[in-house]
Chemist: 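Here it is: the structure, laid out below.
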Amino acid sequence: QTRISKTSNVKSMECELHCPVCKEIVKQPVVLPCQHSVCLMCASEVLVQNGYPPPELPPEPNSPASTPNTRSPRQARRPMPSKADHRPIDRVLRSGFGTYPSPGRRRKEPPPAMLFPCPPCGREVELGEKGLTDCLRNLTLERIVERYRHTVSLGSVAVMCQFCKPPQSLEATKGCADCQASFCNECFKLYHPWGTPRAQHEHVQPTLNFRPKVLSCPEHDQERLHFYCRTCQRLLCPLCKLRRVHAGHKVAPVTQAYQTLKDKITKEMNYILSNQETVLGQISQLESATTQTEQLSQSVRDLTALLAERHASLSQALEGARQRRGEALAGQVAERRSLLEHAGLMAFSQELLKETDPPCFVQAARQTHSRLSTSIEGLQCFSLAADPSFRHFQLDVSKELKLLTNLQFIQAPLAPVIDTQKTLAYDQLFLCWRLPQESAPAWHFSVEFRRRGVVPGGGARGGIQGRLAAARWGWQRLEEVGGTSAVIDRLEMDSVYVLRVRGCNKAGFGEYSEEVYLHTPPAPVLNFYLDSRWGLHADRLVVSKEQRCARSVPGLSLMQAADRALTSCHLTADLLVGDVAITQGRHYWACSVEPGSYLVKVGVGLEAKLQEWFHLPQDMASPRYDPDSGHDSGAEDSLESPPPFSFLTMGMGKIFLNSPASSPTGLTYPLPPRLGVCLDFEKGRVTFYDAHSLRPLWEGPVDCSGPVCPAFFFIGGGALQLQELVANRMADQTPVRRVTIQSRVTNLNN
């Protein structure tokens with residue numbers, strides 16, 4: 001079975017052994033500078049066709065010109081065959097194209113370089129001023145061809161002895177690599193007598209194509225090629241290596257280049273063999289593409305055949321009706337013609353009236369009277385015997401003509417445009433897109449995403465680790481997505497995902513959209529609602545029915561009280577907390593603050609301290625008043641212990657990283673569309689993020705000795721809305737898979 005497999009492999013490589021010029025198995029191949037191999041005869045013919053002088057080529061083996069006219073070996077001893085009669089191909093290459101004066105003579109102008117049109121390259125390859133002389137013979141390819149011929153039994157043609165008389169020629173049994181000829185047993189003994197140097201010649205299998213034992217330098221005779229110039233990608237002899245042309249080039253021993261190239265080819269071959277499933281998949285993909293092309297041509301042929309069939313059917317029905325009506329009308333025309341004055345019926349009636357015998361007249365005139373009465377009746381009540389209007393055969397082809405006029409090949413959808421304002425990564429990843437107006441409609445979409453390797457700080461991994469991460473997290477695909485949005489769940493936390501979309505219709509898949517990068521939250525998303533039990537005044541703070549949105553407005557009663565007291569209008573401070581208390585784990589949530597808000601503080605705090613400090617609403621004579629200072633981090637009674645709560649102040653379209661009261665010139669940043677908060681209960685740290693890009697804004701300590709609640713503090717007018725879970729938003733549209741938070745969360749209402 002192994003032998004059969006090897007034979008099959010050898011037979012399947014025949015296409016690799018063809019000459020690109022003659023399309024047959026190569027004979028005496030030479031290597032062009034572009035590394036392609038062609039037959040020497042083919043290369044010579046191509047150069048002659050392009051106007052170059054013909055070379056001096058050796059005659060074909062076993063031809064009359066190649067076989068010397070010698071006597072039979074049974075007769076007198078003959079002299080040894082001269083090398084001129086059987087010159088090796090290397091000598092021919094040296095005496096081929098580009099034979100110019102010796103180097104000692106001064107040449108006025110350098111000869112032009114020969115150009116060979118290489119079919120595989122599709123361009124002209126420069127051979128140099130010496131032409132084929134610089135092209136080495138491809139001995140390795142010749143050996144492969146010889147093994148191939150032996151395997152597929154193409155070498156069964158008998159090789160005849162080149163020194164027997166033609167009428168008595170015997171089949172050759174040996175070949176001499178030094179004499180470059182094939183001999184029968186008797187001729188071999190005759191030309192290689194014992195006790196002479198010729199007896200030491202190397203004998204090989206008889207062949208029609210002899211080759212030298214080793215490659216020699218085409219410029220320096222008998223010099224073997226011991227070096228390889230990696231810069232020029234040429235084999236060099238020791239004399240060529242000393243030339244100034246190769247000064248500074250990377251020259252290595254040919255054995256080293258041999259081993260390096262052999263190892264590379266072995267690794268590449270092993271890689272391809274180990275990925276046969278990938279190759280088969282690509283072949284299936286190519287065959288599918290070919291099938292689609294054939295299906296398109298078949299669709300056009302089916303349309304043409306259907307139109308032709310329908311045309312034949314309508315034409316046949318129309319022709320049958322026309323023939324029947326034509327016959328009826330033709331009969332009516334003949335009947336009317338008979339009523340003319342000189343017609344047959346009138347003439348017959350006139351002759352009938354000349355009859356004087358009453359009995360005979362009555363007998364003959366009865367039929368004529370009947371015919372005349374029928375003609376008069378038809379003349380008075382004339383109507384066509386057939387309807388010439390063909391109203392039952394009228395065709396309204398305006399719609400069909402319009403369809404045929406607008407008949408075009410279906411175009412694949414254009415690249416979708418991803419809506420970055422609606423696309424977000426929260427508890428799940430929500431992706432939204434649209435097609436351009438000029439795009440063809442799509443039947444469905446394919447959403448592809450993959451994870452990009454990131455480090456904890458958010459930067460992308462580089463080097464080998466980055467490539468390994470990219471290889472591990474390849475593209476994943478959601479097939480046949482209907483609509484223009486998709487939800488992806490069960491993603492890794494604190495990871496960057498790359499997403500792209502493409503549409504599909506009958507024409508196939510279109511182009512990919514631009515890739516977008518989304519950063520998943522650093523911790524599980526905490527879902528909670530606003531608890532309005534603490535410090536809530538209905539005339540100043542309104543919580544929505546869903547308890548996810550709150551708006552603070554200066555109350556009318558406060559303004560009236562200030563007017564009666566003849567004082568300025570005071571601002572109010574109202575507190576809202578979440579209806580959950582966190583006792584362990586890491587949690588993340590996000591909210592958005594209206595840009596027109598005056599001052600809104602977002603953060604976390606100990607449940608006991610929040611109840612103690614903000615149990616009653618406090619009036620503030622100035623918006624700069626704040627119960628804490630520094631970085632909005634609670635009381636200052638203990639500098640060593642962490643603060644009981646930590647807030648980030650926002651307002652008037654900005655974020656204040658320092659308290660406005662203590663540092664009016666503190667750092668400010670533009671207010672992001674969404675603010676993210678991440679609490680690490682075990683470490684006692686809270687981090688604020690730009691929820692759109694997951695860029696950290698500020699991180700600080702917080703006291704986690706007891707239950708910690710999300711807290712929101714309003715000073716003056718403002719509005720805040722909690723980020724809704726993607727799962728809740730898409731619950732009415734598509735079924736989603738929920739990811740449950742594993743850490744324990746206590747509901748304050750319980």
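Just the heavy atoms: all of them, side chains too, but no hydrogens, waters or symmetry mates, feed the values below.
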Chemist: Taking only distance into account, with no hydrogens and no angle test, what donor-acceptor pairs under 3.5 Å do side-chain atoms of residues 17-24 form with protein atoms, sequence neighbours excluded?
Modeler:
residue	atom	partner	partner atom	Å
Lys23	NZ	Pro20	O	3.2

Chemist: Got a sec, which pairs hit salt bridge (charged side-chain N to carboxylate O under 4.0 Å, His left out) with one end in residues 255-279, sequence neighbours left out?
Modeler: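 Output for this query is empty, none listed.
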Chemist: Could you tell me which residues satisfy side chain to side chain contact (heavy atoms under 4.5 Å, CB included) with Ala415, sequence neighbours excluded, listed by chain and number?
Modeler: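 By the side chain to side chain contact (heavy atoms under 4.5 Å, CB included) rule, Ala415 matches Glu511.
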Chemist: Can you sort out the partners of Leu414 under side chain to side chain contact (heavy atoms under 4.5 Å, CB included), two or more places apart, ordered by chain and number?
Modeler: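 Side chain to side chain contact (heavy atoms under 4.5 Å, CB included) check on Leu414 returns Pro436, Glu438, Ser439.
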Chemist: Which residues pass the salt bridge (charged side-chain N to carboxylate O under 4.0 Å, His left out) test with Arg477, sequence neighbours left out?
Modeler: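 For Arg477 the salt bridge (charged side-chain N to carboxylate O under 4.0 Å, His left out) partners, ignoring immediate neighbours, are Glu448, Glu479.
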Chemist: Measure centre to centre between the rings of Phe163 and Tyr191, then say whether the value is under 6.0 Å.
Modeler: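 When the ring centroids of Phe163 and Tyr191 are compared, they turn out to be within the sub-6.0 Å range.
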Chemist: Does a donor on one side chain and an acceptor on the other come within less than 3.5 Å for Ser495 and Arg451?
Modeler: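 Result is yes, a qualifying pair exists.
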Chemist: Sequence neighbours excluded, which residues qualify as side chain to side chain contact (heavy atoms under 4.5 Å, CB included) partners of Ile265?
Modeler: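 Ile265 satisfies side chain to side chain contact (heavy atoms under 4.5 Å, CB included) with Leu261 only.
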Chemist: Do Leu225 and Cys217 have side-chain heavy atoms sitting under 4.5 Å apart?
Modeler: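 When only atoms from C-beta onward are counted, Cys217 and Leu225 do touch, with a gap below 4.5 Å.
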Chemist: Partners of Phe445 by ring pair (Phe, Tyr, Trp, His ring centres under 6.0 Å), sequence neighbours excluded?
Modeler: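 Ring pair (Phe, Tyr, Trp, His ring centres under 6.0 Å) check on Phe445 returns Trp433.
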Chemist: For Ser37, check side chain to side chain donor-acceptor pair (under 3.5 Å) against everything at least two apart and list the hits.
Modeler: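 Result, side chain to side chain donor-acceptor pair (under 3.5 Å) vs Ser37: Asn138.
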Chemist: Residues two or more places apart in sequence or in another chain: which of them pass ring pair (Phe, Tyr, Trp, His ring centres under 6.0 Å) with His36?
Modeler: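 Not a single residue meets the ring pair (Phe, Tyr, Trp, His ring centres under 6.0 Å) criterion with His36.
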Chemist: With a 4.5 Å limit on heavy-atom distance, are the side chains of Arg198 and Pro193 in contact?
Modeler: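 In contact.
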Chemist: Would you call Cys237 and Phe227 a side-chain contact if the rule is heavy atoms closer than 4.5 Å?
Modeler: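 A side-chain contact is absent here, since even the closest heavy-atom pair is not under 4.5 Å.
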Chemist: Hey, do the aromatic rings of His192 and Phe183 have their centres closer than 6.0 Å?
Modeler: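 Close enough - the centres of the two rings lie under 6.0 Å apart.
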Chemist: How would you list all residue pairs meeting side chain to side chain donor-acceptor pair (under 3.5 Å) that involve residues 226-241, not counting sequence neighbours?
Modeler: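 Applying side chain to side chain donor-acceptor pair (under 3.5 Å) to every pair that reaches into residues 226-241, excluding sequence neighbours, yields nothing.
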Chemist: Residues in side chain to side chain contact (heavy atoms under 4.5 Å, CB included) with Thr290, at least two apart?
Modeler: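 Here the qualifying residues are Glu294.
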Chemist: Applying salt bridge (charged side-chain N to carboxylate O under 4.0 Å, His left out), name anything that partners Arg244, two or more places apart in sequence or on another chain.
Modeler: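 Per chain and number, Arg244 pairs via salt bridge (charged side-chain N to carboxylate O under 4.0 Å, His left out) with no residue.
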